[in-house]
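Fair warning: this is a prediction, and the values are worked out from it, not measured in the lab. Position 1 is the first residue of the sequence, and the numbers go up from there.
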Amino acid sequence: MNKATTTEEAFRSLIEASPLAVFDLDPQGRVKSIWNEAAENIFGWKKEEVLGNRLPIITEEKQAEFDRLREKVLSGDSFSGVEVKHESKDGSTIDVSVSTAPIHDRSGQVVGIMALVEEVTARKELERSIEKREKKFREIFNNANDALYFQELTENLEAGKFLEVNDRACEMLGYSREELLEMTPREIDAGEEVDVEGITEELASKGHLTFETAHEAKDGTRIPVEISSHFFKLDEKNRVLSIARDISERKEAERQLEESRERLEAAMEAGNLAWWRMELPSGEVEFSELKTRMLGYSPDRFKHYNDFTDLLHPEDREEAMEAMRDHLEGKAEKYEAEYRIKKKDGSYKWFRDVGSVTELEGEDKVVTGVVIDIDKRKEAEFALGEQRAKLKELHGAVDKFQQCKEEGDLYETAIEVTSQVLDFDYCTIYRLEDEKLVPVATTEEVDKKRLTAHELGEGLAGKAFQSKKAISGKDLRGEKEAATARTDLRGYMSVPIRDIGVFQAASKKVGAFDEDDLELAEIMAGHLNEEVKRIRLQEKLREQAIRDPLTGLYNRRYFNETIPEEVERCNRYGHELGFLMIDVNRFKEINDRYSHQIGDRVLKEVAELIEENVRDADTVVRYGGDEFLVMFPETDGEVKNTVDRLRGKTEDWNKRTELLDFTLRLAMGISHWNPDQGRGVEEALNEADRKMYKDKEK
């Protein structure tokens with residue numbers, strides 16, 4: 001063995017041992033002689049499948065770009081580490097890093113291309129994941145409602161420049177991000193004496209600190225803020241993240257509250273409200289006529305402290321008594337209590353009671369106070385509590401929405417969970433279909449068959465959908481547009497679900513729905529709209545995943561997913577499956593002679609021809625390249641009839657087509673499978689494939 005042979009064997013051994021895919025191409029882009037084991041593992045094609053053929057990893061849409069790069073390398077150039085996407089044998093797309101160089105013969109003439117390919121799918125996924133997380137963090141950081149400042153501290157805990165600020169900080173202070181990143185916290189201080197050193201030391205010691213101060217905007221505006229700062233180490237450096245909340249409104253509210261309190265105290269001193277006066281220790285009391293009128297009693301009803309306490313609601317009595325004791329014992333500056341007191345008609349009225357000791361002489365005391373009618377406020381609080389409870393239930397409803405996989409289930413769930421939030425006797429959800437509002441879900445008490453579709457603009461549902469505004473009313477009997485056969489319904493609402501449809505509910509009670517109910521229904525409709533979009537998008541993505549984009553036929557992935565179900569059905573009922581493998585003869589010649597565009601048109605027309613000549617129950621699959629597969633469930637001679645029909649239809653196609661100047665022929669192979677054969681479906685498919693290739697050789 002000469003030295004050259006030994007070197008060549010060592011070279012080939014090195015190639016086979018390489019973890020990188022290595023292959024060589026001739027000037028026409030065909031795999032020449034090298035296709036190592038790593039190439040087989042990465043791309044799925046065996047060496048014997050690719051030698052002498054054009055590089056299979058290049059998809060049709062990437063072919064032109066591949067040819068351009070191939071010509072560039074053949075001209076003497078090379079490239080290294082170019083990251084692209086290639087296709088594996090199973091149809092999946094993988095990320096790879098490609099390096100190429102021209103192959104020269106002894107005379108220096110370029111006679112081919114050597115390529116090394118590294119799979120970088122995992123790395124690219126990691127990069128995309130990191131990029132996604134960074135983007136999400138940036139979105140959260142910039143979309144925060146409060147100003148965020150990320151700053152550095154020196155080793156001596158002195159405040160340094162801002163390292164990062166969010167959009168809210170720029171908006172609040174009127175500086176650009178670039179300007180703020182050149183500034184320190186001292187430069188945005190409003191001029192008040194702030195012990196920055198003391199704050200930073202305490203922050204470093206405790207790790208977290210909250211305090212109030214003021215910032216000065218670029219235009220000189222003073223902004224009161226509440227600062228919440230967090231100290232931490234990052235890369236062994238002192239860092240601080242501060243959250244600055246604009247508390248201007250809160251400060252203004254506190255100021256107004258203080259003014260209101262002062263006015264209230266002045267009113268109590270003047271005695272212009274419903275005042276009361278109690279002498280201790282005798283317990284004798286005196287009330288203004290206003291309070292006695294509010295309660296429905298005569299002024300002489302209240303002579304003693306016990307006359308008042310005896311009328312307190314049992315649930316409020318002890319708390320009110322304790323509040324008075326705390327004030328008299330000096331534990332509370334004032335006596336303040338909220339309680340219910342029984343009126344003459346037996347109902348209860350809410351009061352806020354505020355008082356204090358106004359005279360003190362030894363053991364004798366005089367307590368003076370005023371009472372305020374807070375019935376409406378309490379009603380509002382109770383209503384708010386109910387609203388919050390309903391919102392909580394609505395949030396739970398949204399969780400159930402998100403668990404729905406089908407649009408129909410979503411509508412049924414919407415009615416079910418909304419019935420727990422809104423008190424209705426009737427509910428229907430309409431969906432827009434062919435320019436009509438069609439009922440798709442309704443309450444159990446209503447027969448859906450009795451419901452009819454609405455034209456756009458027709459009835460309350462059509463009006464709400466067309467105007468994109470919610471409609472509600474106290475009584476359906478006064479609505480001419482109400483389209484219902486029921487005569488017992490009164491209060492109603494029709495709420496549009498964006499462009500999806502309408503949510504419509506009614507109650508037997510007059511005025512059953514208030515503004516809060518309507519708002520809750522609109523919130524629910526908004527969530528329902530988003531979930532419908534989610535389900536429809538998932539369905540669309542699913543359809544795209546199982547369809548061949550060129551022919552519109554099911555792809556091999558869909559076939560692989562559904563064949564186990566068909567096999568199970570055959571096992572259960574003893575049915576037979578038929579398979580027909582079809583190949584377009586001379587398809588490579590069509591691509592080479594007429595272009596890939598013509599080849600695509602031929603494939604699409606062949607796909608249409610096959611689909612038009614099989615049963616609705618049959619499944620047509622683009623199995624790969626120019627191969628098609630038809631699966632016939634419960635077949636009884638239908639496969640042979642289909643083959644004969646396809647041959648005839650192909651002859652008709654040849655007569656009328658102008659795409660080719662030679663006769664197109666389809667190679668076909670038939671096989672059958674049933675549970676009693678003692679073989680797997682894969683063997684039946686292989687049989688059909690062998691028969692197809694045998695037919696192709698004729």
Can you tell whether the side chains of [X] and [Y] come within less than 4.0 Å, N to carboxylate O?
X	Y	result
E687	R679	yes
E634	R569	no
E651	K655	no
E627	R622	no
D26	K32	no
R54	D67	yes
E48	K46	no
D661	R593	yes
R615	D618	yes
K694	E697	no
D409	K405	no

Is there a side-chain contact between [X] and [Y] in this structure, where contact means two heavy atoms from C-beta onward sitting under 4.5 Å apart?
X	Y	value
K47	E40	yes
V621	L553	no
V110	I103	no
V532	Y411	yes
D548	Y554	no
I34	M114	yes
K85	V96	no
I429	T442	no

Measure across [X] and [Y] and return the closest heavy-atom pair with its distance rounded to 0.1 Å.
X	Y	answer
S671	A688	OG-CB, 3.4 Å
F465	P496	CA-CB, 4.3 Å
P633	L577	CA-CD2, 3.7 Å
S78	A101	CB-CA, 3.8 Å
A470	V495	CB-CG2, 4.1 Å
V82	F79	CG2-CD1, 3.3 Å

Within the supplied structure, the quantity of interest is the number of heavy atoms (other residues, nucleotides, ligands) at a distance under 6.0 Å from [X] [atom1]; does it exceed 12?
X	atom1	answer
K468	NZ	yes
K691	NZ	yes
R498	CZ	no
K696	NZ	yes
R547	CZ	yes

**Prompt:** Do the ring planes of W35 and F43 sit parallel (below 30°), tilted (30 to 60°) or perpendicular (above 60°)?
**Reply:** tilted
Practice prompt. Anything under 30° is parallel, anything over 60° is perpendicular, the rest tilted; go ahead and classify Y623 against F559.
Written response: perpendicular
Could you please spell out the steps behind the side-chain hydrogen bond (donor to acceptor under 3.5 Å, both in side chains) verdict for E605 and W653? CA-CA 9 Å; E605 293 192 18; W653 183 88; 2.7 Å; yes
Using only atom types and a distance under 3.5 Å, with no angle test, would you say the side chain of [X] pairs donor to acceptor with the backbone of [Y]?
X	Y	value
S467	K463	yes
D434	K436	no
N654	T650	yes
D24	I113	no
R30	L25	no
D689	L685	no
N529	A525	no

Using side chain to side chain contact (heavy atoms under 4.5 Å, CB included), reason through V50 and L55 one step at a time and then give a plain yes or no.
CA-CA 7 Å; V50 299; L55 191 60; over 6 Å; no
Within this structure, what is the [atom1]-[atom2] distance for the pair [X] and [Y], rounded to the nearest 0.5 Å?
X	Y	atom1	atom2	result
I57	K89	CD1	NZ	14.5 Å
L20	S97	CG	OG	9.0 Å
L456	L432	CG	CG	6.0 Å
D644	K649	CG	NZ	13.0 Å
M668	I610	CE	CD1	8.5 Å
D90	N560	CG	CG	10.0 Å

Fill in: F662 six-ring centre to R586 NZ/CZ under 6.0 Å and within 45° of normal
yes
message: Run the salt bridge (Lys or Arg N to Asp or Glu O under 4.0 Å) test on R431 and E407 for me, step by step, so that the C-alpha distance in whole Å, both residues' side-chain angles and the decisive distance to 0.1 Å come before the verdict.
response: CA-CA 10 Å; R431 180 174 61 193; E407 195 169 328; 3.1 Å; yes
Is it the case that the side chains of [Y] and [X] hold a donor-acceptor pair, with the cut-off being a distance below 3.5 Å and no angle test?
X	Y	result
S18	N36	no
Q504	T428	no
Q597	S595	yes

Using the side chain to side chain contact (heavy atoms under 4.5 Å, CB included) rule, take F628 and V584 through it: C-alpha gap first, then chi angles, then the decisive distance, then the call. CA-CA 9 Å; F628 300 89; V584 180; 4.1 Å; yes
Only one of L659, V606, N585 passes side-chain contact (heavy atoms from CB on, under 4.5 Å) with L664, and that residue is V606
**Study point:** Step-by-step side chain to side chain contact (heavy atoms under 4.5 Å, CB included) determination, Y430 to V438
**Key:** CA-CA 5 Å; Y430 295 88; V438 179; 6.0 Å; no
Check: Under the salt bridge (Lys or Arg N to Asp or Glu O under 4.0 Å) criterion, do D695 and R647 qualify, and how do the steps go?
Finding: CA-CA 13 Å; D695 185 43; R647 294 199 188 282; 3.4 Å; yes
Run the salt bridge (Lys or Arg N to Asp or Glu O under 4.0 Å) test on E568 and R572 for me, step by step, so that the C-alpha distance in whole Å, both residues' side-chain angles and the decisive distance to 0.1 Å come before the verdict. CA-CA 6 Å; E568 182 181 353; R572 186 182 306 128; 3.0 Å; yes
